[in-house]
Amino acid sequence: MFQKMLINGELVGSDSKINVLNPATEEVFAAVPKGTKDDINNAVSAAKNAFPAWAARPESERQGMVNQMADVIASNADMLARLMTQEQGKPLAEAMGEMAWAEGYLRHYATLSVSGRTIQDDDDFKIQMRRVPLGVVAGICPWNFPVLVPFWKIGPALISGNTIVVKPAPTTPVTILKILELCNEFIPAGVVNIVTDENDLGPLLTGHPDVAKVSFTGSTATGKKIMSSSSGSLKRVTLELGGNDPSIVMPDVNVPETAAQIYGGAFLNAGQVCLAVKRAYVHEDIYDDMCDELGKIADAAIVGDGLEQGVTMGPIQNKAQYELVKNLLESAKKDGKIVSGGVVENKSGYFIRPTIVRDVTDGDDIVDLEQFGPVLPVIKYTDLDDAVSRANNSDYGLGASVWSSDVDKAADVAVQIESGSVWVNQHINIGPHIPMAGFKSSGIGVEQSAEGLEEYTQVQVLNIAK
Ligand code: NAD
């Protein structure tokens with residue numbers, strides 16, 4: 001399978017190709033073009049040319065086209081989910097879930113409207129605040145949700161009247177290319193473009209003078225580079241970056257129920273979720289029970305090729321991340337005790353069993369660093385205030401959760417945590433109507449919701465003397 005790029009309404013190939021591996025087999029399952037500097041320039045210039053006509057379209061037409069994209073995903077979901085499992089590794093049910101999520105987000109964006117307001121209207125002045133689109137948006141995406149994240153950018157960019165150039169992660173370009181190929185039947189040329197690379201073209205896009213805004217989802221290290229390269233033309237930037245989400249578990253919880261939910265929040269997509277539970281602080285009274293319960297659930301996981309029936313956890317998406325998680329696992333084995341997992345499967349594919357590590361603490365790598373993989377450290381605490389201060393002792397601040405049978409008490413604790421999303425008795429409840437933001441090194445700006453849509457616009461004040 002060779003899946004082409006979309007530039008100015010044309011499917012574009014290349015002389016040299018990038019092989020895309022299936023992480024469950026380490027075999028090549030598809031190829032995509034190795035995009036060039038010319039491809040980036042052509043895509044930006046196509047988006048720039050398409051911008052005035054697209055911005056001038058009635059909002060209802062833009063909303064209609066976003067809904068048509070949702071239709072494409074819905075009517076091809078089975079085929080797309082199979083592609084996704086092969087390139088990303090997640091089990092088929094999770095891949096279907098990602099398609100449903102992407103469709104649902106697009107349908108919600110299609111109901112949003114960019115609105116201004118009248119600030120003053122009297123005998124002397126009429127002053128109005130308008131929100132106008134920015135121009136060309138660069139949407140730079142990671143490999144953990146290769147369809148959902150691009151549409152988190154395409155949806156609001158298009159609704160607000162911008163055009164976009166998408167750059168998928170080098171290891172997961174296939175499914176999003178396929179969807180955009182299908183959408184090319186109705187998207188006007190240049191409104192949505194996508195260029196594939198070998199991790200080398202991002203800086204050209206974020207430094208391009210004709211790009212007005214960069215919407216980036218990925219690592220904090222890359223986010224910092226993007227801020228710097230965007231400064232030349234003062235581009236607007238939205239950065240959704242890494243996280244090291246803490247869960248604080250109080251002693252009054254129902255242990256088996258809470259363990260099951262924390263496991264779900266930690267091991268979705270083999271832990272490769274920016275908002276996954278990445279460290280669990282558990283009160284000493286229930287610490288042993290909680291470790292045992294988590295261990296039992298992890299023991300029952302069926303790890304394998306996501307296309308196989310019954311598999312509950314797939315491989316790590318790529319070799320670099322696999323090596324990183326393996327290294328963290330080795331240091332966790334020295335610092336603490338493995339309750340379940342800890343095993344790297346001795347077969348092809350980047351498989352690591354879901355791992356629960358106990359008797360680790362702050363200062364250990366597995367607690368302090370973002371593992372972005374299937375290894376959960378469980379940390380004992382005695383004093384609640386101390387747990388909160390340890391939870392906050394991180395450069396990250398993306399998500400967090402607090403667990404207790406006393407919801408009010410948990411909510412009081414939750415608001416003390418320095419993170420953009422704080423859940424009570426749940427983890428990873430996100431949606432297109434809910435703003436998503438990061439504190440500290442977890443990001444800048446907001447995605448999703450009406451607030452996220454505004455980030456794709458520029459405020460303009462029209463001030464009329466009567
Ligand atoms: P990454 O930063 O390595 O890559 C992300 C994208 O940026 C890729 O498309 C890559 O090619 C591109 N890129 C790399 N260098 C660039 C540069 N100098 N300029 C412009 N673009 C560049 O991240 P990743 O490894 O793909 O993703 C994992 C990370 O993403 C984790 O830290 C995770 O927490 C984070 N993440 C965050 C969210 C969120 O919403 N906060 C969601 C998913 C992933």
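Each ligand, and each atom within it, is numbered from 1 in the order the structure gives. These numbers were taken from a predicted model, which means no experiment stands behind them.
Neither the backbone nor the side chain of Glu447 comes within contact range of ligand 1; no heavy atom lies under 4.0 Å. Heavy atoms of Pro168 found under 4.0 angstrom from ligand 1 belong exclusively to the backbone. With a heavy-atom cut-off of 4.0 Å, Val273 does not touch ligand 1 at all. Only the side chain of Phe372 comes within 4.0 Å of ligand 1, judged by heavy-atom distances.
From the protein, the heavy atom lying nearest to atom 8 (C) of ligand 1 is Cys141 O, 3.3 Å. Shortest contact from atom 41 (N) of ligand 1 to any protein heavy atom: Leu241 O, 2.7 Å. Closest to atom 12 (C) of ligand 1 among all protein heavy atoms lies Ile140 CG2, 3.7 Å. Protein heavy atom nearest atom 11 (O) of ligand 1, with residue, atom name and distance: Asn199 OD1, 2.5 Å. Counting protein heavy atoms only, atom 1 (P) of ligand 1 is closest to Ser219 OG, 3.6 Å. Atom 18 (N) of ligand 1 has its closest protein heavy atom at Pro203 CG, 3.6 Å. Looking only at heavy atoms of the protein, atom 27 (O) of ligand 1 is closest to Pro142 CB, 3.5 Å. Scanning the protein heavy atoms around atom 44 (C) of ligand 1, the nearest turns out to be Asn144 ND2, 3.4 Å.
Within the 4.0 Å heavy-atom cutoff, Gln321 does not count among the residues contacting ligand 1. Within the structure, ligand 1 has Ala169 among the residues with a heavy atom less than 4.0 angstrom away. Using 4.0 Å as the threshold, Phe145 has no heavy atom nearer than that to any atom of ligand 1.
Phe372 and Trp143 have perpendicular rings, their planes meeting at more than 60° on a 0 to 90° scale where under 30° would count as parallel. The aromatic rings of Tyr105 and Trp152 sit tilted relative to each other, their planes meeting at an angle between 30° and 60°.
The N/O atoms of Ile226, backbone and side chain alike, include none that comes under 3.5 Å of an N/O atom in ligand 1. Not a single N or O atom of Asp197, backbone or side chain, sits closer than 3.5 Å to an N or O atom of ligand 1. Checked by distance only, ligand 1 and Thr217 stay at 3.5 Å or farther apart across all their nitrogen or oxygen atoms. Considering both main-chain and side-chain atoms, Thr206 never comes within under 3.5 Å of ligand 1 through any nitrogen or oxygen pair. Taking distance alone, with nitrogen or oxygen atoms compared against 3.5 Å, Trp152 stays at or beyond that limit from ligand 1. Annotation: Glu370 places an N or O atom under 3.5 Å from an N or O atom of ligand 1; distance criterion only.
If you check the side chains of Thr220 and Ser441, you find no donor sitting under 3.5 Å from an acceptor. Residues Thr172 and Glu87 have side chains that never bring a donor and an acceptor to within less than 3.5 angstrom of each other. When only modelled atom types and interatomic distance are considered, Thr206 and Ser230 share no side-chain donor-acceptor pair under 3.5 Å.
Under the 4.0 Å distance rule, the nearest protein heavy atom to atom 36 (N) of ligand 1 falls inside the cut-off.
Not a single salt bridge (charged side-chain N to carboxylate O under 4.0 Å, His left out) links Glu240 to another residue, sequence neighbours left out. Residues passing the salt bridge (charged side-chain N to carboxylate O under 4.0 Å, His left out) test with Lys213: none are found, sequence neighbours excluded.
Taking a cutoff of 4.0 Å between a charged side-chain nitrogen and a carboxylate oxygen, Glu323 and Lys319 qualify as a salt bridge.
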**Study point:** side chain to side chain contact (heavy atoms under 4.5 Å, CB included) assessment of Val137 paired with Lys153
**Key:** CA-CA 9 Å; Val137 173; Lys153 304 178 188 314; 5.8 Å; no

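Relative to the ring axis of Phe351, Lys347 places its NZ or CZ within 45° and under 6.0 Å from the centre.
The backbone N or O of Met79 sits nowhere less than 3.5 Å from a side-chain atom of Asn76 that would complete a donor-acceptor pair.
If you check each of Ser230, Gly218, Ala138 against atom 30 (O) of ligand 1, the one with the closest non-hydrogen atom is Gly218. Across Thr222, Asn244, Leu239, Thr220, heavy-atom proximity to atom 17 (C) of ligand 1 is greatest for Thr222.
Under the side-chain contact (heavy atoms from CB on, under 4.5 Å) rule, His427 has a single partner from Asp245, Val273, Val402, Ile262, which is Asp245.
Checked against the 6.0 Å centroid criterion, the rings of Trp403 and Tyr281 do not qualify as a close aromatic pair.
For Lys17, the NZ atom is loosely surrounded, since the number of other residues' heavy atoms within 6.0 Å does not exceed 12.
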